[in-house]
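Okay, so here's the structure we're looking at.
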Amino acid sequence: MNNIPKNYEPQKFEREIYAAWERDNNFHTTADASGDPYCIVIPPPNVTGQLHMGHALDETLQDILIRWHRMKGDNTLWMPGTDHAGIATQAKVEESLRKEGTNRYELGREKFLERVWQWKEKFGNRISYQLRTLGSSCDWERERFTMDAGCSAAVRKVFVTLYNEGLIYRGTRITNWCPKCNTAISDIEVDHEDEAGHLWHLRYPFKDGTGYIEVATTRPETMLGDTGVAVHPDDERYKNLVGKTLILPLVNREIPLFADSYVDKSFGTGAVKVTPAHDPNDFEMGLRHNLEQIKVINNNGTMSDGVGKYSGLDRYECRKVILDDLQAGGFLVSVEDHNHAVGHCSRCHTTIEPLVSEQWFVKMDTLAKPAIDAVKSGAIKFVPERFTKIYVNWLENIRDWCISRQLWWGHRIPAWYCDDCGKMTVSEVDIDTCPHCHGKNLRREEDVLDTWFSSALWPFSTLGYPNETAELKKFYPTNVLVTGYDIIFFWVVRMVMMGLKFRGEVPFRHVFIHGLVRDELGRKMTKSLGNGIDPVEIIDTYGADSLRFTLVTGNTPGNDMRFFRAKVESSRNFANKIWNASRFVLMNLDGFDTTFKPARHDFELADLWIIYRLAYRIKMVTDNLEKFELGEAARQLYEFIWFEFCDYYIELTKPRLYGDNPREKATALFVLTTVLECALRLLHPFMPFLTEAIRQQLPNATGSIMLAKFPTVDELNDLLVKKSRIETCAKIILNIVKAVRNLKTEVGIDSRKKTRIVLRMSNTRDRLMVMRVSHYVTILACAEPIDFSDEKPAHALSAVVDGAEIFLPLEGLIDADKEIARLTKERDKLQKYITSTEARLANPKFIGKAPANVVEAEHAKLATARDKVTALDGQIAQLKAL
RNA sequence: GGGGUUGUAGCUCAGAUGGUUAGAGUGCCUCGUUGACAUCGAGGAGGUCACAGAUUCGAGUUCUGUCAGCCCCACCA
């Protein structure tokens with residue numbers, strides 16, 4: 001059997017295997033297929049983006065769940081697709097236009113959109129191809145895009161419905177404006193950061209010449225738009241002044257001094273200049289007090305016309321000039337340092353300008369209520385649970401959602417304005433006649449919708465909505481949403497609201513939240529830091545399975561993880577281990593009758609033990625998958641395959657495989673192949689390629705592993721012997737092995753050198769059992785056939801384990817003093833344990849309150865410890881007598 | 001200002017309903033090329049589980065507080 005490469009080389013088979021799966025349509029399912037529905041909709045990546053580590057993690061977790069359920073026999077659908085990512089995609093195309101020396105305005109809306117679609121066609125498949133390299137078993141036949149016809153129809157229907165119910169409205173509000181992206185953005189797209197700034201104290205004179213009032217501001221340039229000054233109604237300092245008129249410096253506008261309880265008496269001077277057009281709080285106060293809104297800053301961040309010499313200046317340049325002028329006019333009293341939170345555009349980091357403009361909003365309170373209830377009632381469960389609180393808290397304080405964007409790439413808002421009658425019409429289908437006056441002079445709304453509006457419909461738009469398709473009936477609600485905590489507000493919340501509103505049911509039962517993949521130093525991987533690690537490069541080097549295993553192990557749900565190349569190497573080594581263990585089995589299988597079925601009595605202890613361990617691991621893996629503890633499930637597999645199957649079981653089959661008893665050899669091969677095949681299926685969701693590549697070569701397997709049955713303990717029923725004696729005996733043997741290896745190293749004997757061993761076991765039953773398989777010790781510890789004797793050899797290294805005393809007769813090699821010291825150390829350690837346990841067992845409170853089984857266990861452990869001390873004492877005494 | 005989260009071996013991290021001698025990977029040290037695998041095998045060193053209290057017969061695990069780090073939310077000009 002020379003055709004299996006000695007090393008695991010994933011590059012040689014991953015691509016082919018994926019192609020074969022796709023060719024055989026293994027990822028596809030239909031609504032009428034058998035099994036309980038199990039559905040995950042992919043968090044749609046940006047259509048023109050590329051795979052990053054965050055995706056790799058997200059996809060791996062989903063694929064594990066999907067493959068597991070598919071193997072369990074569920075009707076499993078993983079719905080793939082991409083997002084049009086309004087601002088991000090438009091920005092990319094605009095950037096490329098800029099390089100050509102033009103811009104979107106020169107091109108015009110229609111031509112520009114053509115360019116974006118071309119861009120999408122050109123780069124739009126990259127992410128899907130990259131996801132394939134990871135092994136994602138998506139139903140690609142159903143791949144969707146947030147701007148395809150179906151999703152667009154869903155958006156229209158939802159928009160119009162919400163509008164007609166009064167849940168979408170158009171209004172002139174103060175919103176967050178990004179001067180660089182040149183659009184309004186929603187509250188959650190603003191990142192607040194503390195910045196070192198200043199607090200300028202200005203003096204505003206009274207019209208009647210009776211002095212002035214002092215205000216404090218962080219943004220002096222906005223004074224040009226001031227239409228009032230506010231103080232707290234209870235502020236004794238200003239009580240008598242309320243109602244007076246002030247003259248706005250530099251502008252000479254008359255503005256009122258009024259009282260509003262929003263004002264904090266203790267901050268600054270207790271008097272606030274009010275700029276309703278450029279500050280959210282001032283805006284509210286302006287509404288309450290009927291103040292004029294004077295817009296002094298343009299959408300691009302420059303000062304608007306009509307502010308005299310300041311017009312056209314950048315907002316920050318203007319600040320300097322204004323301060324100079326205020327100073328010159330004697331209006332500037334003082335400056336102090338002041339740290340305050342400043343909003344930045346989450347996309348381009350430009351400082352946000354609060355501006356009054358006409359925008360579209362979704363009314364949140366009525367939609368939020370059921371979304372809160374869904375989580376509180378347990379209809380939706382977060383994993384880990386702590387995110388429930390974050391979700392609920394956010395929804396309870398939610399404000400209306402600004403959904404209009406001054407972009408071109410996106411779902412254009414389906415509203416038409418009639419120039420004849422001035423009325424607006426919102427319509428699900430395009431119109432060219434005004435329904436109010438039958439006029440033909442209609443202009444369609446220019447704005448498009450926030451990208452997250454279409455994403456919010458994703459769980460049902462992808463399943464066919466607004467049509468009542470079989471898929472929608474079968475797979476909605478979906479089962480679990482897998483995503484990072486960073487988009488709970490952007491996406492999860494909104495899907496829940498829309499799902500409940502338009503389907504009357506939650507969009508998913510579980511929200512499985514993961515953290516961020518960080519770099520080795522714990523920093524976020526970002527373009528600006530240049531610290532990103534390309535998953536495609538990792539896959540090329542180590543294989544997709546290694547990357548997947550790395551991402552899924554060593555962290556716990558909801559927590560961030562650091563990405564180390566060394567971890568991938570470790571996973572790759574694991575893959576190599578599996579590869580070689582399998583290679584070992586296959587080599588021995590060569591030319592052998594694989595149809596042989598052993599009888600019950602053919603199995604020996606090692607066989608029964610490994611099957612018993614396998615059953616245990618099946619249970620552990622399954623339990624952990626059910627709890628979304630994928631990392632723990634993966635660890636169970638690692639331990640089983642490497643430690644139990646490779647380190648012990650394979651070694652123990654060698655005498656039979658290399659021996660001359662064909663029946664014994666056949667039995668060992670039967671167990672090897674059975675256990676390996678089962679373990680591969682158990683591992684498949686985690687490492688799909690490797691397990692497929694190997695299993696195809698096993699004689700006891702047919703068809704693709706991804707369609708095989710996920711292992712159950714029941715399938716081992718015929719082979720399983722539920723005898724605790726097996727475990728007991730295995731433990732004794734392994735302890736002996738460990739002790740012998742230990743002793744050999746102790747005196748510097750080559751671990752491969754065969755040594756003579758004498759075992760003294762007082763428990764007859766245990767001894768007989770161990771005697772029957774004493775060659776296990778011979779193999780694992782590299783020893784000569786074992787002597788069982790009640791006599792202690794005179795010159796020997798010795799050790800004590802539960803149930804056995806071990807002697808390595810090594811006359812001449814023994815340093816008695818050293819040995820005495822070693823044994824005494826061991827003895828003292830045990831004695832300490834005995835003393836504390838005795839104390840515990842003598843404590844009536846412990847005896848009285850601790851459960852009986854705990855007390856019993858303590859007694860048992862105490863007894864074995866005492867036995868060991870006795871044995872050690874004997875050995876020490878003997879050494880001393882030499 | 002509010003909330004969350006983390007603090008366990010040199011490093012990266014696991015440790016379910018509290019059960020008493022705390023684990024893995026990696027790194028380090030020693031030894032090992034005979035036929036699955038040096039991407040390996042055997043052994044070893046290395047931890048008062050951040051600190052202080054509380055509850056308990058018993059706490060890495062529960063509670064409170066302190067310290068340190070990270071994150072989210074928040075309209076004090």
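Every chain is numbered from 1, with letters handed out A, B, ... down the list of sequences.
- Between B:A52 and B:U8, the two P atoms lie 16 Å apart (nearest whole Å).
- Checking the phosphate oxygens (OP1, OP2) of B:U20, a side-chain nitrogen or oxygen of A:K861 falls inside 4.0 Å.
- In terms of polar N and O atoms assigned as donor or acceptor, the side chain of A:E651 comes within less than 3.5 Å of the base of B:A36 in a complementary pairing.
- Separating the C1' atom of B:G25 from that of B:G15 is a span of 14 Å, rounded to the nearest Å.
- Rounded to an integer number of Å, the gap from A:Y658 OH to B:G35 C1' is 6 Å.
- In terms of phosphate contacts, A:W642 brings a side-chain nitrogen or oxygen within less than 4.0 Å of OP1 or OP2 of B:G41.
- B:C31 and B:A24 have their C1' atoms separated by 23 Å, given to the nearest Å.
- If you find the closest nucleotide of RNA chain B to A:K829 and to A:E520, the one lying nearer the 5' end belongs to A:E520.
- Atom CD1 in A:I513 sits about 14 Å away from atom C1' in B:C71, given to the nearest Å.
- Distance noted for atom P between B:U48 and B:G2: 36 Å (whole Å).
- Heavy atoms of A:E396 sit nowhere under 4.0 angstrom from any nucleic acid atom.
- To the nearest angstrom, C1' of B:G19 lies 12 Å from CG of A:L841.
- When the P atom is used for both B:G44 and B:A59, the distance is 30 Å, rounded to whole Å.
- Taking 4.0 angstrom as the limit, A:K6 places none of its side-chain polar atoms (N or O) nearer than this to OP1 or OP2 of B:U39.
- The side chain of A:R399 contributes an N or O atom lying less than 4.0 Å from OP1 or OP2 of B:C75.
- Across all strands shown, B:G65 pairs with B:C51; the Watson-Crick or G-U wobble distances both stay below 3.5 Å.
- Residue A:A216 is in base contact, counting any heavy-atom pair closer than 4.0 Å across all strands shown.
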Working note: A:E838 + A:T835, criterion side chain to side chain donor-acceptor pair (under 3.5 Å); need CA distance, chi angles, decisive distance, verdict.
CA-CA 5 Å; A:E838 279 172 345; A:T835 309; 5.1 Å; no

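- In this structure, A:W394 and A:F489 have parallel ring planes: the angle between them is below the 30° cut-off, well short of the 60° mark.
- Residue A:K577 has a polar side-chain atom (N or O) positioned under 4.0 Å from OP1 or OP2 of B:G41.
- Using a 4.0 Å heavy-atom cutoff across all strands shown, A:Y542 reaches no nucleic acid atom at all.
- Between B:C13 and A:R562, a contact under 4.0 Å exists linking OP1 or OP2 to a side-chain N or O.
- The side chain of A:F564 has B:U12 as its nearest neighbour among B:G25, B:C75, B:U12.
- When the side-chain nitrogen and oxygen atoms of A:N742 are compared with OP1 and OP2 of B:A42, none of them lie within a distance under 4.0 Å.
- Using a 30° and 60° split on the angle between ring planes, A:W579 and A:F13 fall in the parallel class, below 30°.
- Under the 30°/60° scheme for interplanar angles, the aromatic rings of A:F574 and A:F549 are found to be tilted.
- For the P atoms, the distance from B:A38 to B:U33 is 14 Å, rounded to whole Å.
- Regarding A:D187, its CG atom lies at a distance of 16 Å from the P atom of B:C72, rounded to whole Å.
- Residue A:H338 places no side-chain N or O under 4.0 Å from the OP1 or OP2 atom of B:C76.
- At B:G15, one or more side-chain N or O atoms of A:T556 fall inside 4.0 Å of OP1 or OP2 (strictly under the cut-off).
- Across the C1' atoms, B:A54 and B:A9 are found 29 Å apart, a figure rounded to whole Å.
- Comparing the same atom, C1', in B:G19 and in B:U62 gives a spacing of 14 Å after rounding to whole Å.
- Distance CZ (A:R219) to C1' (B:C76): 15 Å, rounded to an integer number of Å.
- Between A:R752 and B:G32, a side-chain N or O to OP1/OP2 separation shorter than 4.0 Å is absent.
- Put simply, CG on A:L780 is 15 Å from C1' on B:G43, counting in whole angstrom units.
- Between A:N580 and B:C40, a side-chain N or O to OP1/OP2 separation shorter than 4.0 Å is absent.
- Aromatic ring pairs are classed by plane angle as parallel below 30°, tilted from 30° to 60° and perpendicular above 60°; the pair A:F645 and A:F640 is parallel.
- Among the heavy atoms of the strands, none lies under 4.0 Å from A:E569.
- Note on A:Y262: a base of the nucleic acid sits closer than 4.0 angstrom, heavy atoms only.
- Distances were taken from every side-chain heavy atom of A:R386 (C-beta onward) to each of B:U39, B:U12, B:G4; the shortest belongs to B:G4.
- A straight line from NZ of A:K389 to P of B:C73 spans 16 Å, rounded to a whole angstrom.
- The NE2 atom of A:H344 sits 4.5 Å away from the CD atom of A:E193 when rounded to the nearest 0.5 Å.
- Aromatic ring orientation, A:Y658 versus A:F584: perpendicular (interplanar angle above 60°, classes split at 30° and 60°).
- Between A:H232 and A:F267, a ring centre-to-centre spacing not shorter than 6.0 Å is recorded.
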